[in-house]
Each structure stands twice: as structure tokens, then as C-alpha cells.
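Accompanying notes for the structure given below.
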Amino acid sequence: MTFVICVVVSLIVMHDATGVRRHTGYHAEVLNKLLVDFNRLIDTLKNPNIKKTESREKLKELLGHQPTEVFFGAITGIIVGVLTYYVYPF
């Protein structure tokens with residue numbers, strides 16, 4: 001029963017890492033581009049002669065993992081689990 005719970009939780013974490021967090025990174029990239037364009041527009045409307053842009057904190061774009069990273073992370077987890085089982089027997 002414990003094994004099944006661990007597998008289900010790990011599948012949820014892997015799905016989150018490849019799906020939700022990855023798409024959040026894509027959204028952050030688009031929002032950063034929109035923020036830069038919006039700041040340029042506002043600065044141009046305020047004073048067309050000045051080409052100064054306001055610097056704001058950018059959103060973190062590198063979120064989530066590639067599917068290959070998740071796959072090899074799962075393989076690493078399985079190997080560590082098996083080695084731990086044989087090194088520290090019950």
C-alpha cells in the first residue's frame with residue numbers, strides 16, 4: 001500500500017513539473033515581453049523625445065522541467081530507492 005501511495009504522489013509531482021510549471025514559465029516569458037512593450041508605449045506617450053525605459057523586476061521564466069529531465073529524474077529516483085533498500089535492509 002505504501003508503494004502505491006509513493007507512486008501516485010511521484011506521478012503527481014512529475015505531471016506538475018512537466019505540465020503546470022512548464023506552462024507557467026511560458027506565460028512568464030510572454031508577460032515579460034508585454035511589460036517591456038507596455039513600458040515603451042507609456043514612455044513614448046509621456047515624452048516622444050526620451051527613449052528611457054523603466055526597469056522592473058522580470059518574472060522568472062525558467063520554471064518546470066523538460067520531459068526528458070523528468071524521465072531521467074524518475075530513473076534516478078528508482079535507482080536510489082533500490083540501492084537504499086539493499087544497503088539498509090530492514
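Closest of all the heavy-atom pairs between Pro67 and Thr18 is CA-CG2, 4.1 Å.
No side-chain heavy atom of Val30 sits under 4.5 Å from any side-chain heavy atom of Lys33. A 4.5 Å side-chain heavy-atom check between Leu11 and Val7 finds at least one atom pair inside the cut-off.
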Could you list the donor-acceptor pairs under 3.5 angstrom formed by side chains in residues 78-87, with sequence neighbours left out?
{"unit_1": "Thr84", "atom_1": "OG1", "unit_2": "Val80", "atom_2": "O", "d": "2.7"}

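Remark: Ile12 pairs with Val8 by the side-chain contact (heavy atoms from CB on, under 4.5 Å) rule, at least two apart or across chains.
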